[in-house]
Structure formats: structure tokens, C-alpha cells
There are 2 protein chains.
Amino acid sequence: MAAKQKSRPTYAEIAKLAGVSEATVSRVLNGDPKVDSDRVAAVNKAVDQLGYQKNRAAAALASGRTGLIAVVIDDDLSVFQDPFWGAITNGISKVLMENEMQTLLLVAPLDNIDSPVAQYLQRGEVDGAIFLQLHKDTLINRLAKQNLPLVVNGTPHTNNPFAYVDSDNAGGAFAAVRHLVDSGRKVIAKITGDLSNTAAEQRLEGFLAAANEFGLKTPKSLIAQGDWSREAGYNHAKKLLAKHPTLDAIFCSNDVMALGAVTAIQEAGRSVPGDVAVVGFDDSYLAQNSHPGLTSVRQDIAGLGAEAAKMILAKLRGEEVHSEILPCELVLRETA
Amino acid sequence: MAAKQKSRPTYAEIAKLAGVSEATVSRVLNGDPKVDSDRVAAVNKAVDQLGYQKNRAAAALASGRTGLIAVVIDDDLSVFQDPFWGAITNGISKVLMENEMQTLLLVAPLDNIDSPVAQYLQRGEVDGAIFLQLHKDTLINRLAKQNLPLVVNGTPHTNNPFAYVDSDNAGGAFAAVRHLVDSGRKVIAKITGDLSNTAAEQRLEGFLAAANEFGLKTPKSLIAQGDWSREAGYNHAKKLLAKHPTLDAIFCSNDVMALGAVTAIQEAGRSVPGDVAVVGFDDSYLAQNSHPGLTSVRQDIAGLGAEAAKMILAKLRGEEVHSEILPCELVLRETA
DNA sequence: TTGTACGCGTTATCAT
DNA sequence: ATGATAACGCGTACAA
């Protein structure tokens, strides 16, 4: 009963002012097409006049819909550092707001299927959920069974019927290699991300596909398994340079490793891109602000968010939803 | 009436099973201290047995409290790039969740006082709001008048009674200069951020205070007004080097400009830190992954978020709330 | 097409 | 300390 402010108008007052029933007010405000146009006008006028604004809690209670979509982020250290989450959440939020839905942020460890977040999602406090950065599919498996509409960002690990949205990681990697080949590089190494991650896997696949397509040799010794860290890029590049004197390009699965590789190359007394070209992935802040400027594969992160939001809205409307793969774009700078 | 899942238990069933009234159930579930301990136990047992979970919409309708705190981010390009927002929002979210509150994300331009977000906040759909990155104080002025509990991240522009949380920008800048002086630097230049921003202002103030304290000369020509961009850092550093042959240190108000300065110094044929030391601000991803590693002033970003959340919770409890200034820490790497 | 009447699940007031 | 019971504001069968 803690009325926050002076109490606001309700259907009763609108109905009275417009000379209709409360039911009609409800119909007009929810866009029911079969209401006489003059009554619609009357209601809208009354709404304006009174400065009416709907009480969402009451609507939620009556309808069972909350108007809220959860954005669930699997909490680990990267959340603190990686601008990816901000960008994608921003994309989601924009689309949701345009559709009068709001974004509820849930940041928590998702390893436990009975975690508070899991409970929350099963409690019907949101109309749907968008998952970012999934380590395991167990939780969404369970939620899907409970008919919670959900969309996943990133390709799921298992072959599930989840609708997901992802960047064309393989295609981006392919484009990077093509560019290297086109500019005359012959011996191209790859430093992968953590391969338990589907994106890392796909970026490697794209590399291998391109190598095959363009007739490059890809002995195992040219493919180093990294873990996204600067150190991995630095150390692997160092070893690659030592083992392969003719190496003239390194493609890394993210920008951080690529910058580590650049440092290693320079410390080895070779130039970038003169002797060795380097391409990263993500076109992050790092790529844009490094020196020399890092050539990198750009993901449409805001686009990923927007698509995810559109998909969940479609699901709420009961439409069939198909997964989406958004194209990547190679951004040329100085390193390749 | 769209029951999402099989309908969940309500007070009625708990009351029946526990042999008490619904009112008592409510009291127990809301922690009313004056309920007999055996009844409390009975209710809790029934709750467990039925797997009861509170319907927040109903609670919100009846109580006027939503359990939601809005995190409002003034939308502009930086949201896409800067990891700051993710980190602080994460800090906020954690504390709120521990207190059974949820984080509602609102990303939108706040220039218009009648924007959708402004409307939303005035609609009572959240119990309070935390503002990040404020360009103007007009909106919060209005909301404060409407008694919406709010906390601001960053020092407001005007002298208002808003509770805010901020980093000790001046103190951080002071520490940076002290370090430079301690390591023998004599001629220290400053490249500021956009001075319409209070953080930029404070970082300059700290610089000037330290210069004064340590007896440095700070002619106007040693203070360049930047705008946070890499180009600003690069161009200003270039000019500073030309004008001041004895220049042996540059303190920049963020990491991006600092990296631009490093490039300019190196291109001028001088070494970092041998000839010229460079210190940045933020200890961002950039500072950690640059080469040479950038010495920088670290803000406790997650701490800012956590404090902001604690402050808003205290406000909701009706407590007096005081603004908080969190200390910064100088992180030494290679450039200084 | 429109109105009546009730239900949604809690909270809070008022007696007791 | 506890129990009835009236709000809370909206959505929606059902009837007309």
C-alpha cells in the first residue's frame, strides 16, 4: 500500500471520462481491433487528458506476462574486461525498448542448475530469456522443457533445438586467410582460442577450410592451441617463428593474442607486416588503438544483440524462429 | 490469464497446509518478528513442501514495490566500446541480487527530459535508479523531485544533494605525479580529457595539486586539452615534445590518449620510458595488453557498482546516505 | 461490438 | 499475536 507518489489515474477514471466501460478501455489500450473508432478516440483522449500510464504490476498479475526479458550472463572474470557484453546487451536493450519490453540483467554463475538465477527464471518472473556465453547447455535444456522462451547467443555445444544467433566465425576466418593469401603470404600459422569454446572451434575450421581452398600446407606444427590470452599469443608466436623460418603470417583467434604475437615478432627482430603479417579477431578496442593498427575480423556485435531480441519477440508472438548467422567483416589496418 | 506453466501454489494452500491464516503466511514470508515461532516453522515447512515461490507481480501490485532497480546508461558510442559499463553494472547486479532485488537495464539517450526512459522512470515501475555517465543533471533533478530514490555514478556537475559514488580521480592523478617525481622526472606534461566531464576536471586538479606540492613548474604550454581520443594523445604529445625539449614525462587522463602519446614519443625517436615516461588512467584492457605495458591509475570499477547498489538499498530502507569516494591505485608497468 | 463480473496473489488495515 | 477481509489495477470469459 505504499503509494509512491500521488495516486495515478486508473481505468475507472478513464472509463468515466470517456463514457465507456473499463473493459473497453482495456481493449483500446491493448490494441483490440474490434472497437468502434469513435470510442477508441474517446478513450485515447481521456488517456491523454489524465496523463494515464499503465501499472505494469497489475497488468502482469492479470495477464501472466511481465514485459521483462532476462539477459543472462554466465559470470566469470571476462565480464569485467570484455566490452563484448556491453555492446551486445545494448543491442538487445534497444530492440526490446522499441517493443515496450524491458531488459532484466542476470549476472551469475550458471554452473549449478539450482542456482538463484535458475530458480528465478523458472519462477515466471520474465517472459523470456537471452543467454550469453554458455559454458554448458544443461540449464537451458531444463528451462526449454519448462516452456520458457529462450534464445542463445553463440552456437550451443550440443545439437539442440535452441534458436541461437551467432557470428559467422568460420566465414570471418576464411576471409582473413584469403586476404593473407591475396597479399602474397605463403606460410600462415594459426593460434587458436580455447577450443572448448564453439567460436574458437569455428574460427579454426574457417582457417582450415581456407587453407585447403587456397592450397596452403597446414602441418600440425603451424597450428598452436591458445587460450585467448596475450601470453598465449606471445609464446606461441615465438615458438612458431623459431620452428618455421619461412613463416610470413599469423592468424590469431582474437585480438589479445594477436597483439602478443606482434610483440613476439618484433622482439625476434622481424617486422610487422613487412616480414610477418598478423590478423586478429573481434576488431576490439585493442585492435583500433594498437600501434601498429591491428587488422582484424569484425563481428557485428550490436547486430547480434538486436537479432537475439527480435527472435525472442517473435517467439513470444508464437512464431517459428530460425537461428541466425551474421556475417563478419575484415577490417584492414597496418598489420596485414 | 495466460498461465505460463502449471499453476503454482499460493498463500491459500500454504495457509491450509500450515493451519494458519493467509495473513500469517504473509507475515512469515516477509519476516514479521512478532509471529509465534511454531507457526513460523509450520509455514516454512509448508512452503518447502509445496515448493512455493512468491509471485512478484502480485506482491508488487499490493505493495507498490517492484523489487527492481534501474541502471540507466546515457547512450552514446562509448557504450559499445568501453568495458567500464559492463564492469560497473556487474558490480551493481551482484549486490542487488544478494538482496533479492533485480537489475533493470535502461540504455537510451537522456538528453530529452521527456524521453521514453524518463517517462518510464516516472511511472513507478522501479523502486529506484542508478545513473551512469551523466551528461546533464536536468533529468535527475526532475526525478529527485518526484521522490524516486536515486544514486549517481560520477560526480554531478552541479552542487546538488544527490548521493553519488565516484573514484578519487584527483587522488589518483596525484599519486601518478608523485611516482613520476619520485623516479626523477622534472618536466611533466598533462594531456587532459574532455573538461566538460567532471572526471577529466578532477584528474587535472589532482595533477595541478601534485605539481604545486612537489614544486613543478606547470606553464600553460605543458597542459594540453584532449578529448579522450587516441589522436588527441598522439597530436598533443607531438607538439609537447617539440615545444619542450626537456620534457621527460607525460600524464594522460586515460589510457587511449596515453597510448597515442607513446606512439608519438617513439616516432620522435625518443624512448619510453628511457627518455619520456608515460602514465595513463583507468588501467583498462588497453593498458594491460599494450607493449610496452602502460603504467596507469586503476579505478575500482566493480567497487563503484557495489557501493552504488548498497547506497540505493540504504535509501530504500529510509536511511541517510552519504556520497562515497573510492580510492584509486597506481599500477606500475613499463612506461613509468 | 460492448458491458458485467470476477479472478489474479499479495499486502495491509482493522478488529479481536 | 492472529484472522478476516478489503483493496491493488488490470485482463478476460461470458453474456448480451
Side-chain angles (χ1 to χ4, degrees), chain A residues 1-43 46-47 50-68 100 123-125 127 316, chain B residues 1-43 46-47 50-68 100 123-125 127 316:
Chain A
M1 281 252 98
K4 224 176 221 331
Q5 340 241 335
K6 63 195 81 171
S7 74
R8 296 170 349 195
T10 68
Y11 278 11
E13 290 154 65
I14 299 173
K16 199 165 143 196
L17 185 57
V20 300
S21 72
E22 295 188 29
T24 295
V25 174
S26 175
R27 292 183 183 112
V28 172
L29 264 48
N30 291 307
D32 186 326
K34 47 192 171 189
V35 179
D36 258 10
S37 55
D38 36 334
R39 302 206 183 200
V40 173
V43 169
V47 164
L50 296 171
Y52 172 81
Q53 305 198 292
K54 188 179 295 203
N55 179 323
R56 267 205 136 106
L61 177 56
S63 71
R65 282 172 253 113
T66 61
L68 263 35
E100 293 171 7
R123 206 176 299 161
E125 297 191 30
D127 294 343
L316 291 180
Chain B
M1 283 249 99
K4 226 180 215 339
Q5 340 239 336
K6 60 194 84 173
S7 72
R8 296 169 350 194
T10 68
Y11 278 12
E13 291 153 65
I14 299 173
K16 199 165 142 197
L17 185 57
V20 300
S21 71
E22 295 187 30
T24 295
V25 174
S26 175
R27 291 183 184 113
V28 172
L29 263 48
N30 292 307
D32 186 326
K34 46 194 173 189
V35 179
D36 258 11
S37 55
D38 37 333
R39 304 208 182 200
V40 172
V43 168
V47 163
L50 296 171
Y52 170 82
Q53 305 198 289
K54 188 178 293 204
N55 179 324
R56 267 202 136 110
L61 176 57
S63 70
R65 282 172 254 112
T66 61
L68 262 34
E100 290 171 11
R123 206 177 298 161
E125 296 191 30
D127 294 344
L316 291 180

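Letters A, B, ... are given to chains in the order of the sequence lines, protein chains preceding strands, and every chain is numbered from 1.
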Rounded to the Å, how far apart are [X] [atom1] and [N] [atom2]?
X        : N       : atom1 : atom2 : value
Leu50(A) : dG9(D)  : CG    : C1'   : 15 Å
Lys34(B) : dG3(D)  : NZ    : P     : 15 Å
Arg65(B) : dT10(C) : CZ    : C1'   : 11 Å
Asn55(B) : dC8(C)  : CG    : P     : 11 Å
Ile14(A) : dG9(D)  : CD1   : P     : 12 Å
Leu61(A) : dA7(D)  : CG    : P     : 17 Å
Gln53(B) : dT10(C) : CD    : C1'   : 16 Å
Leu29(B) : dT11(C) : CG    : C1'   : 12 Å

Would you indicate, yes or no, if [N] has its OP1 or OP2 atom less than 4.0 angstrom from a side-chain nitrogen or oxygen of [X]?
X         : N      : value
Arg123(B) : dG9(D) : no
Arg56(A)  : dC8(D) : no
Arg39(A)  : dG3(C) : yes
Thr10(A)  : dG9(D) : no

Would you mind telling me which of [options] lies closest to the side-chain atoms of [X]?
X        : options                   : result
Thr24(A) : dG9(C), dG3(C), dT2(D)    : dG3(C)
Glu22(B) : dT10(C), dG9(D), dT12(D)  : dT10(C)
Ser63(B) : dA12(C), dT12(D), dG9(D)  : dA12(C)
Lys54(B) : dT12(D), dT10(C), dG11(D) : dT10(C)

Need the bend value for the helix from dT1(C)-dA16(D) to dT16(C)-dA1(D): angle between end axes, 5 pairs each end, nearest 10°.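 Taking the rotation axis at each end, their angle is 30°.
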Nearest heavy-atom pair of [X] and [Y]: which atoms, and what distance?
X         : Y        : answer
Ala15(A)  : Glu22(A) : CB-N, 3.8 Å
Val20(B)  : Val43(B) : CG2-CG2, 3.9 Å
Asn30(B)  : Lys54(B) : OD1-NZ, 3.0 Å
Glu100(A) : Arg56(A) : O-NH2, 2.5 Å
Val35(A)  : Arg27(A) : CG2-CB, 3.8 Å

Does [X] reach a base, just sugar-phosphate, or nothing at all? Heavy atoms under 4.0 Å.
X        : value
Ser26(A) : base
Tyr11(A) : sugar-phosphate
Ala23(B) : base
Asn30(B) : sugar-phosphate

Give a yes or no answer on whether the side chain of Asp32(B) reaches the backbone of Lys34(B) with a donor-acceptor pair at less than 3.5 Å.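 Present.
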Is a side-chain N or O of Arg39(B) found less than 3.5 angstrom from the main chain of Val28(B), in a donor-acceptor match?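 No, because the side chain of Arg39(B) does not come within donor-acceptor range (under 3.5 Å) of the backbone of Val28(B).
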Between Ala58(B) and Gly19(B), which has a closest nucleotide on DNA chain D that is more 5'?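 Of the two residues, Gly19(B) wins.
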Looking only at N and O atoms, is any donor in the side chain of Arg27(A) or the base of dG3(C) less than 3.5 Å from an acceptor on the other one?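 Present.
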Can you name the one residue among Val47(B), Leu50(B), Leu17(B) that meets side-chain contact (heavy atoms from CB on, under 4.5 Å) with Pro9(B)?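 So, applying the side-chain contact (heavy atoms from CB on, under 4.5 Å) to Pro9(B) and each of Val47(B), Leu50(B), Leu17(B), only Leu50(B) qualifies.
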